[in-house]
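First the structure, in the form of structure tokens, and then the observations on it.
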Amino acid sequence: MSAKPPFYITTAIAYPNGVPHMGHAYEAIATDCIARFKRLDGYDVRFLTGTDEHGIKMLQTAQKAGITAPELLARNVPRFEAMVEAFNLSIDDFIRTTQERHHASSQAIWEKMAANGDIYKSTYAGWYSVRDEAYYAEDETQLNEQGVRLGPQGTPVEWVEEESYFFRLSAYQDRLLAYYAENPGFIMPEARRNEVVSFVSGGLTDLSISRTTFDWGIPVPGDDKHIMYVWVDALTNYITALGYPDTQADLFKRFWPADVHVIGKDIIRFHAVYWPAFLWSAGLEAPKRVFGHGFLFNRGEKMSKSVGNVIDPFDLAATYGVDAIRYFFLREVSFGQDGSYSHEAIVARMNADLANDLGNLAQRSLSMIAKNLDGVVPQPGPLSPEDEAILALADGMLEKSREAMEGQAIHHYLAAVWNVVAEANRYFAAQAPWALRKTDPARMATVLWVTAELIREVGILVQPVMPESAARLLDLVVVPADERGFDRLGAGHRLPAGRVLPAPVGVFPRYVEPETAS
RNA sequence: GGCAGCGUAGCUCAGUUGGUGAGAGCGCCGGAUUCAUAACCCGGAGGUCGGCGGUUCAAAUCCGCCCGCUGCUACCA
């Protein structure tokens with residue numbers, strides 16, 4: 001067992017009735033960045049992702065394709081698993097809700113909730129929308145011209161009357177409101193919290209949590225006619241992966257409650273209302289934070305199959321490079337807000353920030369060390385006020401980054417780092433070491449040492465966003481593998497003189513438009 | 001309909017509790033430079049801070065109304 005503080009972070013589990021789109025990759029990338037940041041900052045991190053494989057939609061999609069649900073999963077789930085490699089996700093576990101461990105866990109939490117008196121059997125009658133996975137009151141629906149009844153979201157609904165188990169959600173209203181009040185950071189960003197508070201304040205009704213109309217799911221303990229509502233099943237994944245129902249398991253004791261569930265803004269309610277209630281009912285603690293990120297738009301348009309602008313994340317990574325894609329989405333999009341992307345925006349970002357600012361800085365400074373100092377890190381002379389100032393600015397990056405990442409403001413963390421990169425370029429231009437070469441070689445050496453040290457610090461700090469490229473950057477200044485943690489930042493661990501550096505090679509290539517045949 | 005939020009340079013956005021002449025990045029124009037990935041550096045043009053009215057010595061920043069947009073939620077039908 002580690003002395004490091006624990007940090008448990010999860011993505012939502014993806015619904016694999018289709019293949020991954022950029023939205024899935026985005027959530028995974030952002031969560032991975034947070035996980036890596038915490039790991040480098042000295043935390044014992046547990047990072048979970050996975051797939052949500054039950055439910056009627058899975059059955060229907062399979063049916064449409066003329067195959068079974070397991071066959072559909074066999075086709076799609078590997079694509080989600082492939083994202084782990086393709087996007088360099090540093091996960092510790094990949095959970096699939098069809099796994100045996102998850103059946104046991106889901107049934108166990110159900111039994112706990114039942115034993116607590118929060119589950120009762122009744123009948124449910126109403127209009128159900130498969131697509132929305134929600135029931136609607138009759139007056140929430142209407143008939144269209146074709147005589148098809150539609151729900152408020154414009155999706156078809158069907159009359160369902162079935163015996164159902166209910167969860168006493170209404171009993172948790174006060175406790176939820178108290179929890180939101182006492183933990184202002186529970187729901188992030190803040191705008192989402194306001195919505196949830198207003199929703200819960202408006203009154204909670206009990207929740208139908210079982211179905212008898214199909215069987216692709218986990219059976220209710222002691223009543224096989226019923227299978228669990230997908231959200232009871234899905235949410236439970238977060239504790240299954242820690243060994244639940246064995247609450248004495250090492251993982252469970254160490255990592256529950258979760259520090260952050262990173263999810264899309266569309267499923268905030270399930271995570272911020274239902275999930276804490278389920279957990280309390282089962283005698284467990286609620287997670288510490290639920291962060292709802294925004295949606296991605298292709299050139300400002302929502303991605304949809306009918307518009308034909310759904311982007312394959314694997315294609316993007318192949319075209320621009322994994323790290324460039326990771327950087328683009330994490331830097332360009334305010335985490336928590338919706339974001340937009342386009343070829344032009346991606347190219348502009350990667351060329352300006354990565355190739356021109358950071359890559360070129362490394363190249364111009366390290367090549368001077370190679371050509372003028374035989375590739376050996378020089379011993380710096382007395383530091384000038386300019387040297388001290390830029391080093392101090394770099395030393396301040398960690399605190400700013402931490403502060404930003406406390407609130408998952410990934411874009412602020414990156415802005416802080418690139419502010420230093422911009423200043424470093426100004427510093428380099430102002431000091432003009434190429435001119436000092438003839439007038440004051442000792443001073444040139446000092447400037448080059450300072451710049452190399454800046455590259456070391458920036459390299460360490462950008463590892464969470466661009467693990468591969470940052471590693472190559474750090475290789476250029478020969479930072480040993482065990483000296484790449486955030487504890488190595490700052491004045492206490494400056495780049496030592498005497499290191500022999502390899503010949504500098506470009507880490508961040510410019511994106512050049514391929515020649516178009518005309 | 002209710003609640004919450006937003007509308008600031010061509011684009012994306014910053015602008016603590018009202019007070020140095022309204023900012024950043026990208027883009028554009030000009031200059032400088034050659035260490036470097038046609039990169040970096042310097043300078044410049046560009047805005048009625050959605051509109052109207054009000055409070056104040058002073059408002060992008062507070063209040064009211066209006067217009068437009070977004071989210072949550074309700075209801076009519």
Side-chain angles (χ1 to χ4, degrees), chain A residues 136-144 150 152-153 187 189-205 264-269 272-273 292 294-295 297 299-300 302 324 328 331-342 344-373 404 409 411-412 414-419 421-439 441 444-445 447-448 451-452 455 469 473 476 503-513:
Chain A
Y136 297 109
E138 171 121 8
D139 59 12
E140 288 182 277
T141 68
Q142 53 187 0
L143 292 169
N144 71 2
L150 302 177
Q153 309 299 321
I187 302 164
E190 201 178 337
R192 300 292 153 206
R193 191 191 70 195
N194 296 339
E195 289 172 4
V196 171
V197 169
S198 114
F199 171 76
V200 174
S201 301
L204 295 173
T205 54
K265 64 181 183 180
D266 55 327
I267 54 174
I268 289 258
R269 182 189 298 177
V273 181
F295 292 150
F297 298 91
R299 294 184 184 282
K302 188 170 181 174
F328 171 79
R331 175 72 202 269
E332 184 91 358
V333 180
S334 292
F335 198 54
Q337 312 257 105
D338 290 344
S340 190
Y341 65 92
S342 63
E344 293 79 5
I346 294 170
V347 170
R349 257 311 165 194
M350 66 184 283
N351 282 354
D353 292 9
L354 301 182
N356 298 352
D357 288 349
L358 179 53
N360 185 48
L361 176 67
Q363 189 65 24
R364 68 197 301 205
S365 57
L366 298 180
S367 72
M368 280 198 76
I369 292 179
K371 288 175 187 168
N372 302 299
L373 300 169
H411 54 297
H412 282 159
L414 291 177
V417 174
W418 255 263
N419 177 49
V421 173
E423 281 304 327
N425 270 308
R426 281 188 270 278
Y427 164 85
F428 198 80
Q431 300 304 313
W434 56 90
L436 294 169
R437 182 178 48 185
K438 287 174 182 169
T439 59
M444 174 198 75
V447 170
L448 293 179
T451 308
I455 289 164
S469 308
L473 204 53
L476 290 182
V505 291
V507 173
F508 299 103
R510 266 186 89 73
Y511 182 88
V512 180
E513 297 295 343

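Throughout, protein chains are lettered first and strands after them, A, B, ... in sequence-line order, and every chain is numbered starting at 1. Nothing here was measured: the structure is a model prediction, and the numbers come from that model.
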> In the 5'-to-3' direction, what one-character label does each nucleotide of nucleotides 2-15 of chain B receive under the scheme B = base within less than 4.0 Å of a protein heavy atom, S = sugar-phosphate only, - = no such atom?
Replying inline: --S-----------
> Taking the C1' atom of each, how far is B:A45 from B:A58, in whole Å?
Replying inline: 30 Å
> When you check the glycosidic angle of B:G46, does it come out syn, meaning within 90° of 0, or anti?
Replying inline: syn
> After noting the C-alpha distance and the side-chain angles of A:Y427 and A:T451, does the key distance pass the side chain to side chain contact (heavy atoms under 4.5 Å, CB included) rule?
Replying inline: CA-CA 9 Å; A:Y427 164 85; A:T451 308; 3.7 Å; yes
>> Just the rounded figure in Å: distance from C1' of B:G25 to CG of A:N425.
In response: 14 Å
> Can you check the A:L358 CG to B:A36 P distance for me, whole Å?
Replying inline: 18 Å
For nucleotides 30-35 of chain B, which of its nitrogen or oxygen atoms have a protein nitrogen or oxygen under 3.5 Å away, and what is each distance?
from, atom 1, to, atom 2, distance (Å)
B:C35, O2', A:R364, O, 3.1
B:C35, O2, A:R364, NE, 3.1
B:C35, N3, A:R364, NH2, 2.6
B:C35, N4, A:R364, NH2, 3.4

> For RNA chain B, which consecutive runs of 3 or more Watson-Crick or G-U pairs (each distance under 3.5 Å) count as stems?
Replying inline: B:1-7 with B:67-73, B:10-13 with B:23-26, B:28-31 with B:41-44, B:50-54 with B:62-66
> Tell me: NE2 of A:H412 to C1' of B:U16, nearest whole Å?
Replying inline: 14 Å
> Are the side chain of A:D338 and the backbone N or O of A:G294 linked by a donor-acceptor pair below 3.5 Å?
Replying inline: no
>> Please give me the minimum heavy-atom distance between A:Q363 and A:P504, naming the atom from each residue.
In response: NE2-O, 3.9 Å
>> To the nearest 0.5 Å, what is the distance between CG on A:L361 and CG on A:L366?
In response: 8.0 Å
>> Taking any heavy-atom pair under 4.0 Å as a contact, classify A:V333: base, sugar-phosphate, or nothing.
In response: nothing
>> For the C1' atoms, the ones on B:G47 and on B:G31, what distance do you get once it is rounded to whole angstrom?
In response: 25 Å
> On a whole-Å scale, what distance lies between the C1' atoms belonging to B:C65 and B:A77?
Replying inline: 31 Å
> CZ of A:F508 versus C1' of B:U37: gap in Å, rounded?
Replying inline: 12 Å
> Nearest 0.5 Å, what's the CG-CZ distance between A:N425 and A:R364?
Replying inline: 5.5 Å
> Roughly how far, to the nearest 0.5 Å, is the CG atom of A:L373 from the CE atom of A:M368?
Replying inline: 8.0 Å
> Roughly, in whole Å, what's the span from CD1 in A:I187 to P in B:C72?
Replying inline: 15 Å
> Quantified in whole Å, what is the P atom distance between nucleotide B:G23 and nucleotide B:A9?
Replying inline: 14 Å
>> Could you report the tightest heavy-atom contact between A:R192 and A:K265, atom names first, then the distance?
In response: NH2-CD, 3.5 Å
>> To the nearest 0.5 Å, what is the distance between CD1 on A:I268 and CD1 on A:I187?
In response: 7.0 Å
>> Distance check, rounded to the nearest 0.5 Å: A:Y341 atom OH versus A:E332 atom CD?
In response: 13.0 Å
>> Any base atoms under 4.0 Å from A:G202, or only sugar-phosphate, or nothing? Heavy atoms, all strands.
In response: nothing
> Minimum heavy-atom separation for A:H412 to A:A404, with atom names?
Replying inline: CB-CB, 3.7 Å
> Looking at CZ of A:F428 and CG of A:L448, how far apart are the two atoms once the value is rounded to the nearest 0.5 Å?
Replying inline: 5.5 Å
> Quick one: on RNA chain B, does A:V505 or A:F199 contact a more 5' nucleotide (nearest heavy atom)?
Replying inline: A:V505
>> Students often get this wrong, so: under 4.0 angstrom with heavy atoms, is A:N356 touching a base, only sugar-phosphate, or nothing?
In response: sugar-phosphate
>> Please report the distance separating the C1' of B:C41 from the corresponding atom of B:G46, rounded so that it comes out in whole Å.
In response: 22 Å
> If you measure from the P atom in B:G50 to the same atom in B:U61, how many Å do you get, rounded?
Replying inline: 8 Å
> On a whole-Å scale, what distance lies between the C1' atoms belonging to B:C49 and B:G2?
Replying inline: 30 Å
>> Between A:L358 and A:W418, is there a side-chain heavy-atom distance shorter than 4.5 Å?
In response: yes
>> What is the distance, to the nearest angstrom, from the CG atom on A:L448 to the C1' atom on B:A36?
In response: 12 Å
> Rounding to a whole Å, what distance do you find between A:N351:CG and B:A38:C1'?
Replying inline: 12 Å
> Separation of A:W418 atom CH2 from B:C26 atom C1', in whole Å?
Replying inline: 16 Å
> Can you tell if the side chain of A:F199 reaches within under 4.5 Å of the side chain of A:L204, non-hydrogen atoms only?
Replying inline: yes
>> Measuring only the P atom in each nucleotide, how far is B:G18 from B:A59? A whole number of Å is fine.
In response: 13 Å
>> At 4.0 Å (heavy atoms only), tell me whether A:R510 reaches a base, stays on the sugar-phosphate, or touches nothing.
In response: base
